[in-house]
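Reviewing the structure listed below.
Here the structure is a predicted model, which is why all the values come from computation and not from measurement. Here, residue 1 is the first one in the sequence, and each next residue gets the next number. What's counted below: heavy atoms across the whole structure, side chains too, no hydrogens, waters or symmetry copies.
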Amino acid sequence: MTTTISTPAEQAGVRGKAPGTARGPRRPGRLRRIGLPYLLLLPALALELLVHLVPIVIGFVMSFKELTQFYLRDWTAAPWTAFDNFSVAVDFDAPVGRGLLHSFWITCLFTVLSVGLCWLLGTTAAVYMQETFAGRGLLRALFLVPYALPVYAAVITWAFMFQRDNGLINHVLHDQLGLTDGRPFWLIGDNSFFALLTVSVWKGWPFAFLIVMAGLQNIPKELYEAAALDGAGTWQQIRRITLPSLAPVNQVLVLVLFLWTFNDFNTPFVLFGKAAPEAADLISVHIYQSSFATWNFGTGAAMSVLLLGFLLLVTGVYLFFTSRGRKVSHV
């Protein structure tokens with residue numbers, strides 16, 4: 001039998017440790033903890049660079065080149081033109097500049113009306129959907145159908161409905177209700193603007209409905225009960241409780257709708273084809289025509305850069321004033 005005698009120093013070390021404990025791995029350092037979130041975001045950042053930022057940089061470079069059909073095989077060999085493409089785009093006394101300015105004002109009017117109607121319809125529907133009644137779940141699902149449908153399928157359906165001779169719109173307005181003297185054209189002429197606005201609002205307001213309905217879930221019901229006890233009516237509750245509580249939601253919602261609507265290309269392109277009517281000549285389709293119809297990609301790229309600058313400016317001003325207003329209201 002062998003007996004092991006430990007030294008006093010070893011005995012002191014054993015007594016200093018808690019029984020059953022062992023020395024675990026070292027905790028990650030501060031740098032490692034801070035760098036982990038960025039490491040997890042790296043795949044998304046790489047995809048964002050590949051899908052968005054790289055084309056933006058290439059388009060920015062193209063805007064300074066005389067890129068025509070003669071340089072399509074090797075666009076890097078196109079000669080540099082400095083700011084000539086931008087000068088042509090903003091020369092409002094020339095046909096190119098006048099066309100761009102006209103398209104810009106049409107797009108602004110279209111965006112204001114579309115965003116305003118989408119927000120109004122979405123907010124109204126979301127407020128009324130807070131009440132409990134039979135069939136509320138089914139009605140909510142039906143409201144989201146336009147948002148769930150593919151854009152091309154929905155817009156093509158509307159294009160058939162807007163046909164002059166066989167379309168459902170003229171059949172209802174002229175044949176059934178007798179509201180028009182004849183069968184109007186909806187996809188050409190001045191009526192094309194209202195046709196485009198109708199389709200845009202139809203497919204855009206369910207998104208506003210969805211976002212506002214989610215925001216309403218965070219408003220405590222006790223506020224409405226207290227307001228009702230104080231004698232506040234429905235409109236006063238909406239004005240004093242609902243709309244102020246939805247201010248952060250509406251700030252993001254209006255900005256997203258603005259960017260989507262101002263940049264919308266699929267809707268007018270599918271509805272009218274490559275050549276949009278003058279009354280519905282949105283700037284996205286106008287830039288496409290300026291690039292691919294005339295094969296002057298340098299001028300089209302310059303218009304795209306100007307559009308990007310305008311959107312960044314409007315977004316910055318909007319966020320500045322809305323954030324400032326929220327800070328003032330909290331003070």
Check your understanding: salt bridge (charged side-chain N to carboxylate O under 4.0 Å, His left out) with Asp281: which residues, sequence neighbours excluded?
Key ->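 Here no residue qualifies.
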Exercise for review: Tell me, please, which residues at least two apart from Lys65 pass salt bridge (charged side-chain N to carboxylate O under 4.0 Å, His left out).
Suggested key: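 Here no residue qualifies.
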Check your understanding: Hey, does the Lys NZ or Arg CZ of Arg164 hover above the aromatic six-ring of Phe185, less than 6.0 Å from the centre and inside 45° of the axis?
Key -> yes
Check your understanding: Does anything in residues 93-123 pair up under ring-ring contact (aromatic ring centres under 6.0 Å, His included), and if so which pairs, sequence neighbours excluded?
Key ->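 Checked against ring-ring contact (aromatic ring centres under 6.0 Å, His included) - neighbours excluded - the pairs reaching residues 93-123 are Phe104-Phe310.
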Review point. What is the ring orientation for Phe86 with Phe64, classed by angle as parallel under 30°, tilted 30 to 60°, or perpendicular over 60°?
Key: tilted
Exercise for review: Could you walk me through whether Thr76 and Tyr71 pass side-chain hydrogen bond (donor to acceptor under 3.5 Å, both in side chains), step by step?
Suggested key: CA-CA 8 Å; Thr76 58; Tyr71 299 98; over 6 Å; no
Check your understanding: So which heavy atom on Pro146 is nearest to which on Trp202, and how close?
Key -> CB-O, 3.3 Å
Exercise for review: Quick one: do Ser290 and Thr299 satisfy side-chain hydrogen bond (donor to acceptor under 3.5 Å, both in side chains)? Show the steps, please.
Suggested key: CA-CA 7 Å; Ser290 300; Thr299 304; over 6 Å; no
Exercise for review: State whether the number of non-hydrogen atoms from other residues, nucleotides or ligands found under 6.0 Å of Phe83 atom CZ is greater than 12.
Suggested key: no
Review point. Side chain of Thr107, backbone of Ser103: donor and acceptor closer than 3.5 Å?
Key: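 Yes, because the side chain of Thr107 sits within donor-acceptor range (under 3.5 Å) of the backbone of Ser103.
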Exercise for review: May I ask you to decide if Gly233's main-chain N or O and Gln236's side chain share a donor-acceptor pair within less than 3.5 Å?
Suggested key: yes
Check your understanding: Would Arg183 and Asp175 pass as an ion pair if we require N to O under 4.0 Å?
Key ->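 Salt bridge present between Arg183 and Asp175.
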